[in-house]
Amino acid sequence: MIRITLPDGSVREFEQPVSGAALAQSIGAGLAKAALAIRIDGTMRDLDTMIDRDTRVAIVTTKDPDALDLLRHDAAHVMAEAVKELFPETQVTIGPSIENGFYYDFSRPTPFTPEDLAVIEARMREIVARDEKIVVETWDRDEAVAFFLGLGETYKAEIIGSIPAGQPITLYRQGAFVDLCRGPHLPSTGKLGNAFKLTKLAGAYWRGDSRNEMLQRIYGTAWGDQKQLDAYLTMLEEAEKRDHRRLGREMGLFHFQEEAPGAVFWHPKGWTLFQCLIDYMRKRQNAADYVEINTPEVMDRSMWETSGHWQTFREHMYTTETEDKRVFCIKPMNCPGGIQVFKQGLKSYRELPMRMAEFGKVHRYEPSGALHGLMRVRAFTQDDAHIFCAPEQMEAECRIVVSLIMDIYRDFGFENVRIKFSDRPEKRIGSDEIWDTTESALRNAVESMGLEYGVNPGEGAFYGPKLEFVLRDAIGRDWQCGTLQVDLNLPARFDVAYVGEDGQRHAPVMLHRALFGSLERFTGILIEHYAGKFPLWLAPLQVVVATITQDADAWARDVAAALRARGIRVETDLRNEKINYKVREHSVAKVPIMLVVGKREAETGAVAMRRLGGKDQEVLALRDALDTLSSEAAPPA
RNA sequence: GCCGAAGUAGCUCAGCGGUAGAGCAACUGAUUCGUAAUCAGUAGGCCCCCGGUUCAAAUCCGGGCUUCGGCACCA
């Protein structure tokens with residue numbers, strides 16, 4: 001007797017082992033038709049999996065949140081089948097489901113062309129129409145290797161070799177196509193439906209290693225129905241309109257040009273925004289008991305040899321040789337400079353923790369393919385700081401930094417910041433004991449605050465473990481913004497010390513932290529986050545005073561002057577244009593506040609205030625408008 | 001850096017061997033108007049750069065630069 005507990009708590013009993021499909025059938029014909037897979041004790045399995053013990057089982061249908069994952073994984077297989085039919089010389093490698101879609105990596109002598117995509121997609125729809133049964137088979141390891149080698153599928157054979165011993169080797173067969181896969185899969189290709197689309201071609205290294213062959217990757221998106229697919233595609237189009245590169249141009253914030261790849265030309269409006277962020281951060285840091293310093297942009301190569309940057313990042317550093325043959329480096333990091341300031345004069349434990357901030361502009365020769373608008377540039381400004389503290393202070397200091405970051409992000413409306421913890425990388429400096437200490441301090445800090453975090457093994461900085469605070473751009477790409485690193489290595493290499501209570505010299509712990517991270521990147525994130533419609537305190541141009549007729553020109557100038565005296569960024573629009581035209585133009589330019597003045601306002605000392613996106617306006621006395629606007633335009637405290 | 005694609009007016013794009021085009025923006029003139037596009041006119045181009053093929057190249061070929069989509073990288 002097998003007792004199967006369903007999600008609603010009801011129990012079904014069977015005399016013999018029963019397949020998921022039969023279980024669904026026993027519950028109802030409609031459910032059997034909608035069934036895609038089953039979940040046994042929380043794990044997704046094929047629908048025809050035999051259930052041979054007492055357990056809890058859920059039938060997975062298209063309504064299930066995991067159904068899309070299943071669907072997308074199948075879409076990858078159907079795509080691989082289509083490719084093998086059309087281009088038999090192609091080898092298949094791996095093809096997982098991913099967020100919003102799927103991809104499959106293929107190995108072939110010549111790349112796919114954009115035209116191939118349409119052909120492959122058409123063949124995929126044929127395969128869906130064929131409704132091929134998808135059947136799982138468990139194979140002997142050696143036979144499976146021989147089978148794939150026989151097909152010329154060397155990558156598949158290699159993958160089998162890397163599957164841990166003891167794990168079953170499962171092959172999924174659909175029509176004439178057989179793929180090595182751990183599953184689970186839909187019962188047949190017809191269940192995939194037609195709500196999918198191939199989206200882009202790309203190169204991708206085998207096993208993600210740039211020393212390996214470059215494979216041809218095809219990306220696609222797949223959904224439960226056409227409506228979802230359309231909604232997704234529309235969402236992508238909308239997201240494109242928020243792209244900071246596009247808005248940066250349209251709003252006249254900044255530009256790039258060929259002579260300075262990866263370096264920003266900030267225009268007046270963009271620079272205003274940039275400076276607003278620095279002003280805000282400076283205020284927050286001062287309140288958090290930081291001091292601010294500034295250190296040289298160019299320092300002798302020896303400085304970077306001591307820090308270890310030269311050995312690790314030499315090819316990504318800008319260098320310059322002077323007439324006397326000295327090699328200087330344009331700083332890629334601020335830390336060595338900060339350390340020199342700390343080292344001036346003997347420090348006492350009483351002065352710790354010492355929090356030294358620096359808005360430092362750094363240059364890094366990033367790989368050309370990495371450049372991406374403001375998000376990844378070769379010259380950028382960090383809101384950097386180095387906190388020198390005693391070992392017993394480091395955990396508490398970490399917590400203070402983390403809570404400052406989260407608090408500051410909240411001011412910009414980022415509530416769900418993803419945190420990643422990265423531990424020791426292969427290429428690193430310092431002893432394992434030091435890494436043990438710094439890793440556990442950082443980890444304890446974030447855990448004791450009850451924050452969720454993910455782990456990136458081996459992704460730490462070469463001198464210490466780090467926390468990354470990740471924000472997402474308009475089209476779903478993740479960018480590291482804030483970071484906190486714990487470092488016992490650089491203080492040792494630079495021979496940094498303070499005098500402890502015991503009168504002896506001790507090495508301080510150094511925390512490297514940046515909250516925005518790169519001001520350039522954070523600005524890019526904000527442009528996309530707000531879709532260019534900045535809150536009043538950040539808007540480069542806060543108010544436009546627009547006239548209806550020339551009779552109001554003098555009053556408009558007075559209004560603008562009064563606003564300017566209150567520190568509001570204001571312009572007048574006295575052009576001989578209809579008010580409709582002006583309203584539209586400044587709305588498109590995303591100016592948050594428009595003060596419209598005509599004869600009536602001029603005579604009564606009033607303004608008609610119109611907010612961006614608003615339908616109506618509010619007529620109020622100038623002094624009331626001044627009070628309202630200056631309080632609204634104040635940065636968050 | 002690697003794979004693929006693209007660079008034509010300020011922007012979006014058409015033209016793909018034979019005198020460089022459109023829409024929007026800009027500029028000029030008229031209109032003085034009450035909350036998202038007034039009308040008319042004018043001007044605007046090393047067709048990314050360097051070579052080659054050709055009677056003739058924006059167009060074909062080669063090299064380079066930059067950008068875009070991924071991969072790799074990200075102190």
Side-chain angles (χ1 to χ4, degrees), chain A residues 103 105 110-114 199-219 243 245-246 249-250 252 255-262 304 307-313 315-317 331-336 362 364-373 375-378 382 425 427-429 459-464 466 468 475 477 479-480 483 485 487 490 512 517-518 521 546-553 575-589 594-601 608-610 612-617 619:
Chain A
Y103 68 78
D105 285 347
T110 52
F112 292 109
T113 66
T199 51
K200 52 197 172 195
L201 281 171
Y205 297 108
W206 167 237
R207 301 212 142 150
D209 188 330
S210 59
R211 289 166 300 192
N212 292 341
E213 187 204 343
M214 175 148 283
L215 306 170
Q216 302 299 318
R217 176 173 294 180
I218 302 177
Y219 282 96
D243 189 312
R245 293 166 296 187
R246 175 176 172 153
R249 185 177 55 237
E250 288 174 356
H255 84 272
F256 289 93
Q257 63 187 53
E258 290 198 6
E259 293 82 351
W304 309 100
S307 71
H309 287 97
W310 182 265
Q311 294 83 332
T312 317
F313 291 109
E315 64 278 21
H316 298 297
M317 289 165 68
K331 70 175 173 182
M333 287 285 282
N334 300 304
C335 24
V362 297
R364 300 176 182 177
Y365 191 74
E366 302 285 12
S368 56
L371 301 181
H372 183 100
M375 304 300 196
R376 192 77 186 271
V377 287
R378 286 182 174 153
Q382 292 178 312
K427 196 173 175 188
R428 61 179 183 265
I429 56 175
E459 301 280 314
F462 73 86
Y463 48 75
K466 69 174 176 182
E468 290 178 25
I475 31 187
R477 287 182 282 217
W479 299 96
Q480 175 193 310
T483 181
Q485 297 149 17
D487 177 13
L490 292 190
H512 307 240
S518 145
R521 174 177 294 177
T547 50
I548 290 171
T549 71
Q550 274 175 357
D551 299 336
D553 284 4
R575 293 175 302 172
N576 176 13
E577 296 289 352
K578 291 169 87 164
I579 194 61
N580 284 302
Y581 181 87
K582 295 186 183 181
V583 165
R584 174 178 159 78
E585 199 165 75
H586 299 300
S587 299
V588 168
M594 225 178 297
L595 297 180
V596 176
V597 296
K599 223 185 245 176
R600 285 207 297 269
E601 286 76 14
M609 183 157 78
R610 180 194 169 98
L612 179 58
K615 279 273 162 275
D616 39 44
Q617 52 272 317
V619 178

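Reminder, nothing fancy here: chain letters follow the sequence lines and each chain counts from 1. Just so it is clear, the structure is predicted and the values come from calculations on it, not from any experiment.
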Practice problem: Identify whether the distance between the nearest side-chain nitrogen and carboxylate oxygen of A/R211 and A/D209 falls below 4.0 Å. | Solution: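 Here A/R211 pairs with A/D209 in a salt bridge, since their nearest N and O are under 4.0 Å apart.
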Exercise. Compare every heavy atom of A/H309 with every heavy atom of A/M317, then report the nearest pair and how far apart it is.
Key: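 So the minimum-distance heavy-atom pair works out to SD-O, 3.9 Å.
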Self-check item: Any strand: nucleotide that pairs with B/G69 via Watson-Crick or wobble, under 3.5 Å
Solution: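 Paired with B/G69, as far as the under-3.5 Å criterion goes, is B/C3.
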Quiz item: With rounding to whole Å, what would you report as the distance between B/A58 and B/U19 at their P atoms?
Solution: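 The same atom, P, in both gives a distance of 11 Å.
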Exercise. Show your reasoning for whether side chain to side chain donor-acceptor pair (under 3.5 Å) applies to A/N334 and A/Q382.
Key: CA-CA 9 Å; A/N334 300 304; A/Q382 292 178 312; 3.0 Å; yes
Self-check item: Identified pairing partner of B/A25, criterion: Watson-Crick or G-U wobble below 3.5 Å
Solution: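 The answer is none; no pair meets the criterion.
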Practice problem: Have a look at A/K582 and say if it touches a base, only the backbone sugar-phosphate, or nothing, with a 4.0 Å heavy-atom cut-off. | Solution: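 No contact at all - A/K582 keeps every heavy atom at 4.0 Å or more from the nucleic acid.
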Practice problem: For residues A/L371 and A/E366, report the shortest heavy-atom separation together with the two atoms involved. | Solution: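 Taking every non-hydrogen atom into account, CD2-CB, 4.1 Å.
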Quiz item: Which base sits across from B/A43 as a Watson-Crick or G-U pair, both distances under 3.5 Å?
Solution: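 Answer to the pairing question: none, since B/A43 forms no Watson-Crick or G-U pair.
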Quiz item: Counting only side-chain N and O atoms of A/N576, is one of them less than 4.0 Å from OP1 or OP2 of B/U32?
Solution: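 No, outside the criterion.
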Quiz prompt | Spacing of the P atoms in B/C47 and B/A9 (rounded, Å) | solution =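 Approximately 9 Å lies between the P atom of B/A9 and that of B/C47.
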Exercise. Report the residue from A/P332, A/S368, A/P367 that forms a side chain to side chain contact (heavy atoms under 4.5 Å, CB included) with A/R378.
Key: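 Per the side chain to side chain contact (heavy atoms under 4.5 Å, CB included) rule, the option paired with A/R378 is A/S368, out of A/P332, A/S368, A/P367.
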Quiz prompt | Rounded distance in Å between the C1' positions of B/C24 and B/G44 | solution =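 B/C24 and B/G44 have their C1' atoms separated by 14 Å.
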Quiz item: What pair of heavy atoms forms the shortest contact from A/G460 to A/P425, and how long is it?
Solution: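 So the two residues come closest at O-CG, 3.4 Å.
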Quiz item: Now, which nucleotide makes the Watson-Crick or G-U wobble pair with B/C60, with each of the two distances under 3.5 Å?
Solution: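 The base-pairing partner of B/C60, which may sit in any strand shown, is B/G52.
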Exercise. Mind checking side-chain contact (heavy atoms from CB on, under 4.5 Å) for A/Q550 and listing every partner two or more places apart, or none if nothing turns up?
Key: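 Testing A/Q550 for side-chain contact (heavy atoms from CB on, under 4.5 Å), a comparison that skips the adjacent residues, returns A/D553.
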Quiz prompt | Whole-Å distance separating the CZ atom of A/R246 from the C1' atom of B/U67 | solution =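 In whole Å, B/U67 C1' and A/R246 CZ are 16 Å from each other.
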Quiz item: In the strands shown, is B/A14 matched to any nucleotide by a Watson-Crick or G-U wobble pair with both distances under 3.5 Å, and which?
Solution: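 Pairing partner: none.
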Quiz item: Touch check for A/G252, heavy atoms < 4.0 angstrom, all strands: base, sugar-phosphate only, or nothing?
Solution: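 Nothing: the residue A/G252, judged by heavy atoms under 4.0 Å, touches no strand.
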Practice problem: Return the nucleotide paired to B/G34: Watson-Crick means purine N1 to pyrimidine N3 with N6-O4 or O6-N4, wobble means G-U with N1-O2 and O6-N3, both under 3.5 Å. | Solution: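 By the stated definition (distances under 3.5 Å), nothing pairs with B/G34.
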Exercise. Considering only atom C1', compute the distance from B/A57 to B/G18 and round it to an integer number of Å.
Key: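 Here B/A57 and B/G18 have their C1' atoms 10 Å from each other.
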Self-check item: Interatomic distance, A/D105 CG vs B/C3 P [rounded to whole Å]
Solution: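 Going from CG in A/D105 over to P in B/C3 covers 16 Å.
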Quiz item: CZ of A/R378 versus C1' of B/G1: gap in Å, rounded?
Solution: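 Computing the A/R378:CZ to B/G1:C1' distance gives 11 Å.
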Quiz item: How far does the P atom of B/U67 sit from the matching atom of B/U12, given to the nearest Å?
Solution: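 The same atom, P, in both gives a distance of 15 Å.
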Self-check item: Complementary nucleotide for B/A9 - Watson-Crick or wobble, under 3.5 Å
Solution: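 Partner of B/A9: none.
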Self-check item: Separation of B/C11 P from A/R245 CZ (nearest whole Å)
Solution: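 Spelled out: CZ on A/R245 to P on B/C11 is 16 Å.
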Quiz item: What's the CD-C1' distance between A/E577 and B/G29, to the nearest Å?
Solution: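 Value for this atom pair: 12 Å.
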Quiz prompt | A/E250 vs A/R245, salt bridge (charged side-chain N to carboxylate O under 4.0 Å, His left out): CA-CA, chis, key distance, verdict | solution = CA-CA 9 Å; A/E250 288 174 356; A/R245 293 166 296 187; over 6 Å; no
Quiz item: Can you tell me how far C1' of B/C68 sits from CZ of A/F256, to the nearest Å?
Solution: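 Between C1' of B/C68 and CZ of A/F256: 13 Å.
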Exercise. Let me know the distance between CG of A/L371 and C1' of B/G69, rounded to the nearest Å.
Key: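 Taking CG of A/L371 and C1' of B/G69, I get 14 Å after rounding.
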Self-check item: Span that lies between the P atom of B/G7 and that of B/C11, in whole angstrom
Solution: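 Taking atom P in both B/C11 and B/G7, they lie 14 Å apart.
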Taking N or O atoms only and anything under 3.5 Å, show me the protein contacts with nucleotides 71-75 of chain B, one pair per line.
| residue | atom | partner | partner atom | Å |
| --- | --- | --- | --- | --- |
| B/C71 | O4' | A/G203 | O | 3.0 |
| B/C71 | O2' | A/Y205 | N | 2.9 |
| B/C71 | N4 | A/G369 | O | 3.4 |
| B/A72 | O2' | A/S210 | OG | 3.2 |
| B/C73 | O2 | A/R376 | NH2 | 2.8 |
| B/C73 | N3 | A/R376 | NH1 | 2.9 |
| B/C74 | O2 | A/R376 | NE | 3.4 |
| B/C74 | O2 | A/R376 | NH1 | 3.1 |
| B/C74 | O2 | A/R376 | NH2 | 3.4 |
| B/A75 | OP2 | A/K466 | NZ | 2.8 |
| B/A75 | O3' | A/Y463 | OH | 3.2 |
| B/A75 | O2' | A/H309 | NE2 | 3.4 |
| B/A75 | O2' | A/Y463 | OH | 3.2 |

Quiz item: With rounding to whole Å, what would you report as the distance between B/C39 and B/U32 at their P atoms?
Solution: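 The same atom, P, in both gives a distance of 16 Å.
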Self-check item: Rounded distance (Å) that lies between atom C1' of B/U31 and atom CG of A/N580
Solution: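 Atom CG in A/N580 sits about 14 Å away from atom C1' in B/U31.
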Quiz item: Looking only at heavy atoms, which two atoms of A/G262 and A/F256 are closest? And how far apart?
Solution: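 For A/G262 versus A/F256, the nearest heavy atoms are C-CE2, 4.2 Å.
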Quiz item: Expressed in whole Å, how much space separates the C1' atoms belonging to B/A40 and B/G45?
Solution: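 Per the computed distance, 25 Å lies between those C1' atoms.
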Practice problem: Using a 4.0 Å heavy-atom cut-off across all strands, classify A/Q311 as base, sugar-phosphate, or nothing. | Solution: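 Nothing, no heavy atom under 4.0 Å.
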